[in-house]
Amino acid sequence: MADAPVVVDLRSDTFTKPTPEMRAAMAAAEVGDDVYGEDPTVNTLQDEVAARLGHEAGLFTPTGSMANQIGLQLLVPPGEELLADADAHVLIYEMGAAAVYGGISSRTWPAVGGGLDPALVERMIRVPGGYDTNATRAIAVEQTHNRSGGTIIPLDTLRQLRALCDRYGLGLHCDGARLWNAHVATGVPLDVYGRLFDSVSVCLSKGLGAPVGSVLVTNRAAIARARVIRKRLGGGMRQAGIIAAGGLYALRHHIPRLAEDHAHAARLATALAPAGVVDAAAVRTNLVPLDLTKTTFDAAGLAAAARAHGVLISQVSPRAARLVTHLGVDSAGVDHAAQVLHDLLI
Ligand SMILES: *Cc1c(COP(=O)(O)O)cnc(C)c1O
């Protein structure tokens with residue numbers, strides 16, 4: 001009988017599972033009622049994340065989407081406007097939440113990922129005072145940028161955006177689901193990134209490997225309002241310390257190891273670059289975007305062929321696929337996936 005196929009799951013860094021040490025920390029967590037603010041583990045997690053990002057306070061949320069949407073509602077009143085990338089997670093992967101729950105109107109700049117030009121954003125800003133236009137109230141950026149393949153917005157660009165927001169009185173939110181990856185890839189300290197924004201959301205359940213949870217950080221007064229919005233959205237959890245403990249473990253132990261995921265992604269990109277599907281030099285974090293337009297495969301066909309060899313990849317659009325490295329993918333898995341995809345594509 002043939003060996004069972006090796007399964008290397010490169011679909012997403014959301015597929016990570018808690019390690020035995022993380023599970024032990026979760027089992028031992030002290031808990032309380034977090035709606036009353038009395039869960040010590042949640043409070044510790046919120047404080048540690050806020051401190052690392054250079055902010056006053058944090059709020060634990062069940063998902064990154066909820067953290068983002070609370071952040072946007074803090075900055076943009078109903079009927080007013082948010083500017084973001086056309087591929088922004090906050091607009092295209094959160095089920096229209098900004099419009100449905102926040103009454104937030106949005107306009108987008110063309111999808112450019114990390115190659116954002118502040119001058120382009122400035123031209124889009126609509127200042128308050130007109131009788132027939134709603135005012136721009138905030139800008140949202142994504143670091144790293146998911147749909148563009150984990151690209152990083154340069155620090156200088158972010159500083160220019162901060163200056164724009166200060167000049168026009170706008171809020172600046174960062175969807176930092178993978179801000180950890182940008183920090184590890186560039187060496188820019190987390191608080192240097194964090195202080196540029198009015199609010200930042202970070203995910204604990206992607207590359208960091210916690211099973212559940214995100215944290216929104218901002219100032220203390222805004223966090224008090226954020227607690228109300230979270231409860232309104234149904235995100236007030238009780239003994240949430242059980243899951244927060246997984247996030248706390250991840251925060252304390254799993255950030256430096258993201259460098260390994262980046263090295264794995266670079267190896268995959270280098271192996272597949274000769275097929276003309278990826279620019280290996282552009283892969284700096286844990287996402288490897290594959291452009292299949294010059295191959296005989298569409299994304300569904302490549303995913304099915306790879307699956308037959310025990311390699312799982314995700315389909316991004318009909319002719320684009322994506323590989324994601326994470327805690328659950330080891331070096332042998334990367335070699336296997338590189339070989340399988342190389343043989344299919346070349
Ligand atoms: C995963 C992700 C989020 C949060 O997603 P949830 O599934 O709601 O936790 C937010 N932004 C980006 C860019 C992401 O990749």
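The model shown is predicted, which means the values in this text are computed figures rather than measured ones. Note that ligands are numbered from 1 as they come in the structure, with each ligand's atoms numbered from 1 the same way.
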Residue pair H55, F197: steps toward the ring-ring contact (aromatic ring centres under 6.0 Å, His included) verdict: CA-CA 9 Å; H55 278 259; F197 305 104; 8.2 Å; no
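- Between D33 and R238, at least one side-chain nitrogen of the basic residue sits less than 4.0 Å from a carboxylate oxygen of the acidic one, meeting the salt-bridge criterion.
- At a 3.5 angstrom cut-off on N or O pairs, S65 counts as close to ligand 1.
- Interatomic distance, CD of E94 versus CG of L72, reported as 7.5 Å (0.5 Å rounding).
- Short contacts between ligand 1 and T63, defined as distances under 4.0 Å to a heavy atom of the residue, involve ligand atoms 8 (O), 9 (O).
- Here's the thing with K206: one of its N/O atoms is less than 3.5 angstrom from an N/O atom of ligand 1.
- Alongside L59, the hydrophobic cluster contains M66, I70, L74, V100, Y101, L216, I223, I229, L233 (criterion: ILVMFWY side chains under 4.5 Å).
- The shortest N or O to N or O distance between M66 and ligand 1 is not below 3.5 Å.
- With E142 contributing its side chain and A88 its backbone, the two residues share no donor-acceptor pair below 3.5 Å.
- For ligand 1, none of its N or O atoms has an N or O atom of E142 under 3.5 Å away.
- Taking CG of L91 as the reference point, atom CD1 of I104 lies at 9.0 Å (rounded to 0.5 Å).
- Taking only non-hydrogen atoms, the option from D87, D175, T14, V90 nearest to atom 11 (N) of ligand 1 is D175.
- Atoms of ligand 1 lying under 4.0 Å from any heavy atom of N146, numbered from 1 in the order shown and given with element: 13 (C), 15 (O).
- Residue R178 has at least one heavy-atom neighbour below 4.0 Å for each of these atoms of ligand 1: 15 (O).
- Looking from atom 9 (O) of ligand 1 to the surrounding protein, the closest heavy atom is G64 N, 2.8 Å.
- With a 4.0 Å heavy-atom cut-off, ligand 1 is reached by no atom of H145.
- Proximity to A177 (heavy-atom distance under 4.0 Å) selects the following atoms of ligand 1: 2 (C), 3 (C), 10 (C), 11 (N), 12 (C), 14 (C).
- The backbone N or O of R126 lies less than 3.5 Å from a partner atom in the side chain of T136, making a donor-acceptor pair.
- Listed by chain and residue number, E48 satisfy the side chain to side chain donor-acceptor pair (under 3.5 Å) test with R252 (two or more places apart in sequence, or in another chain).
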